[in-house]
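Order of appearance sets the numbers: ligands from 1, and atoms from 1 within every ligand. Values reported hereafter were calculated over all heavy atoms of this structure, with side chains retained and with hydrogens, waters and symmetry mates removed.
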Amino acid sequence: MAVHLISHPVAQDLLTQLRDAQTPSPLFRQYAQRLSVLIATEAMRDLPTRPVVVDTPLGPADGARIASDVVVVPVLRAGLGMLDAVLSVVPHARVGHIGLQRDEATAVASQYYAKFPSGLDSSVVVLVDPMLATGGSAVASLQLLADRGARRTRLLCIVAAPEGIREVEAAFPDVQIYTPAIDHHLNAHKFIVPGLGDFGDRLYGTM
Ligand code: PRP
Ligand code: URA
């Protein structure tokens, strides 16, 4: 499995502002959106294209259009903070949803919703979940997608913990992870340190 670290200075600047506990929800949403565009752009680097010719005002020009079907799957609820950004990069993508909630005491994720478009087996599937902590949510999501036939799945995160990366790698060695940060460790409550806190709460102001 490969972890693609998004080291672009603009990405790192946005990540730093997301980490800042003083950043209020309206700005947090904006920074998450802008950072997700950069992550998604990098994650789509290997999409196949087909050659096309278009007419510019001055004549024909050789070009390329994305040739692959793409399905974006945000993990509710925090993944919704990345969805519009990914769709701005691949507007033709279809969207599935997975609802997972970590138990506050055990950090074990339980599923409350799942809905997918058809044809996952022939699509590039882009799973978006900003926090990869224990990896429980990611592995559960990847298993749901694999059960529906998804074979080419990539995971887009905003912060990843080494524990979560190891968990995904052990269960799904072919999955590529795109993230601007691999943090130090998980604390006793399974929160990422230094991380940025609870992404969903900061996104929606539910602290
Ligand atoms: C957060 C986050 C991930 C999950 C990561 O969601 O958005 O889905 O925790 O943790 P894990 O790697 O240990 O599974 P949470 O369950 O808090 O729900 P929310 O998105 O509704 O806030
Ligand atoms: N979910 C979050 O939102 N933050 C963490 O640090 C871990 C899980």
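Scanning the protein heavy atoms around atom 14 (O) of ligand 1, the nearest turns out to be S137 OG, 2.6 Å. Among protein heavy atoms, atom 10 (O) of ligand 1 sits closest to R102 CD, 3.2 Å. When only non-hydrogen protein atoms are considered, atom 8 (O) of ligand 1 lies nearest to D129 OD2, 2.6 Å. The single protein non-hydrogen atom nearest to atom 13 (O) of ligand 1 is T134 OG1, 2.6 Å, given as residue, atom name and distance.
Compare R77, E167, R202, Q101 by their heavy atoms: the one nearest to atom 22 (O) of ligand 1 is in R77.
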>> As a quick check of understanding, evaluate salt bridge (Lys or Arg N to Asp or Glu O under 4.0 Å) for D174 and R154, giving each step before the final call.
In response: CA-CA 9 Å; D174 294 336; R154 51 205 67 188; over 6 Å; no
>> R166 vs E169, test: salt bridge (Lys or Arg N to Asp or Glu O under 4.0 Å). Steps then yes/no.
In response: CA-CA 5 Å; R166 280 198 294 272; E169 186 168 30; over 6 Å; no
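Within the 3.5 Å criterion, the main-chain N or O of V10 finds a donor-acceptor partner in the side chain of H8. Without hydrogens or angle criteria, N187 side chain to F191 main chain gives a donor-acceptor distance under 3.5 Å.
Both tests do not hold together for R29 against F199: distance to the six-membered ring centre under 6.0 Å, angle to the ring axis within 45°.
Using 4.0 Å as the threshold, L76 has a heavy atom nearer than that to some atom of ligand 1. The shortest heavy-atom distance from K190 to ligand 1 is not under 4.0 Å.
R77 and D201 are joined by a salt bridge, as a carboxylate oxygen and a charged side-chain nitrogen come within less than 4.0 angstrom of each other. One finds a salt bridge joining R19 and D183 here, because a Lys/Arg side-chain nitrogen approaches an Asp/Glu carboxylate oxygen to under 4.0 Å.
Contact shell of ligand 2 (protein heavy atoms, cutoff 4.0 Å): R102, M131, A133, K190, F191, I192, G197, D198, F199.
Other residues, nucleotides and ligands contribute over 12 non-hydrogen atoms within 6.0 Å of the NE2 atom of H92.
When each of L144, L76, D129, V75 is checked for a side-chain contact (heavy atoms from CB on, under 4.5 Å) with L100, only V75 meets the rule.
For the pair I98/Y113, no side-chain contact is recorded, criterion being any heavy-atom separation below 4.5 Å from C-beta on. Within the 4.5 Å cutoff, no side-chain heavy atoms of S36 are placed close to those of V128.
Counting atoms of ligand 1 from 1 in the listed order, those under 4.0 Å from a heavy atom of G136 are 12 (O), 14 (O).
Considering backbone and side-chain N/O atoms, A109 never comes within less than 3.5 Å of an N/O atom of ligand 1. Close N/O approach between A138 and ligand 1 is not found [any backbone or side-chain N/O within under 3.5 Å].
Contacts between D201 and ligand 1, counted as non-hydrogen atom pairs separated by less than 4.0 Å, are absent for every part of the residue. By the criterion of a heavy-atom distance under 4.0 Å, both the backbone and the side chain of A78 are placed next to ligand 1.
Sequence neighbours left out, the pairs with a member in residues 83-96 that pass salt bridge (Lys or Arg N to Asp or Glu O under 4.0 Å) are D69-R94.
Within 4.0 Å of atom 3 (C) of ligand 1, at least one protein heavy atom is present. Per-atom contact check: atom 6 (O) of ligand 1 does not touch the protein, criterion being a heavy-atom distance below 4.0 Å.
No hydrogens or angles considered: a donor-acceptor pair under 3.5 Å links the side chains of H4 and Q176.
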